[in-house]
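A short write-up of the structure that comes next.
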Amino acid sequence: RKPHEVVSNLIPRMPEIVVDTWEGSARAETRELAGRPVIAVNKNHPAYSAANARFAIAEAAIFEAIRAGGGLSDIDEYLSEADQALALWAELQVGADA
């Protein structure tokens, strides 16, 4: 299977991602925008940087989608799922940059 198919299976209902700015410690949060759910990524968070913006957006969105989706029994399962999704996202980026 292609990496994007596996990412879709890991996070089957990934909402649209928007980049926003707000004060506070959250890297991302789930919001409603025009009646649909979106994941907002906080551009003010220290993990977000111009040099690494694509990764910061992907990481925050993946973690928020998994967190908001629930259904994971413990932190190890949560981190394992997020690590898999990030690795597959990175594979997609290598293909896109080629």
Side-chain angles (χ1 to χ4, degrees):
R1 294 192 320 184
K2 296 179 182 176
H4 69 276
E5 292 170 345
V6 179
V7 170
S8 295
N9 289 339
L10 285 172
I11 309 169
R13 290 179 284 278
M14 175 69 100
E16 178 183 351
I17 300 165
V18 297
V19 177
D20 197 0
T21 303
W22 68 89
E23 295 302 317
S25 61
R27 290 193 313 172
E29 62 187 25
T30 303
R31 297 180 180 169
E32 189 171 301
L33 181 66
R36 65 188 195 293
V38 298
I39 293 176
V41 176
N42 186 1
K43 194 173 180 177
N44 272 348
H45 191 277
Y48 186 100
S49 70
N52 207 12
R54 285 194 320 185
F55 181 79
I57 292 168
E59 180 185 40
I62 288 168
F63 274 78
E64 176 61 16
I66 293 171
R67 185 205 60 75
L72 300 178
S73 62
D74 61 28
I75 190 65
D76 290 332
E77 186 178 0
Y78 173 88
L79 292 173
S80 174
E81 193 103 355
D83 285 345
Q84 288 176 21
L86 284 168
L88 293 167
W89 176 85
E91 286 182 38
L92 290 173
Q93 299 313 299
V94 169
D97 291 341

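Because the structure is predicted, anything quoted here is derived from the model rather than measured.
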key: side chain to side chain donor-acceptor pair (under 3.5 Å) involving E64 - partner list, sequence neighbours excluded   = T30, R67
inquiry  = Using only atom types and a distance under 3.5 Å, with no angle test, would you say the side chain of N44 pairs donor to acceptor with the backbone of T21?
reply    = no
Nearest-0.5 Å distance, CD1 of residue I62 to CD1 of residue I17 = 7.5 Å
remark   = One should read off an interatomic distance between I39 CD1 and E29 CD, to the nearest 0.5 angstrom, of 11.0 Å
ask   = Listed by chain and number, what are the side chain to side chain contact (heavy atoms under 4.5 Å, CB included) partners of V18, not counting sequence neighbours?
value = E16, L33, V38, A40
inquiry  = Restricting to non-hydrogen atoms, name the atom on A28 and the atom on A60 that form the minimum distance, rounded to 0.1 Å.
reply    = CB-O, 3.7 Å
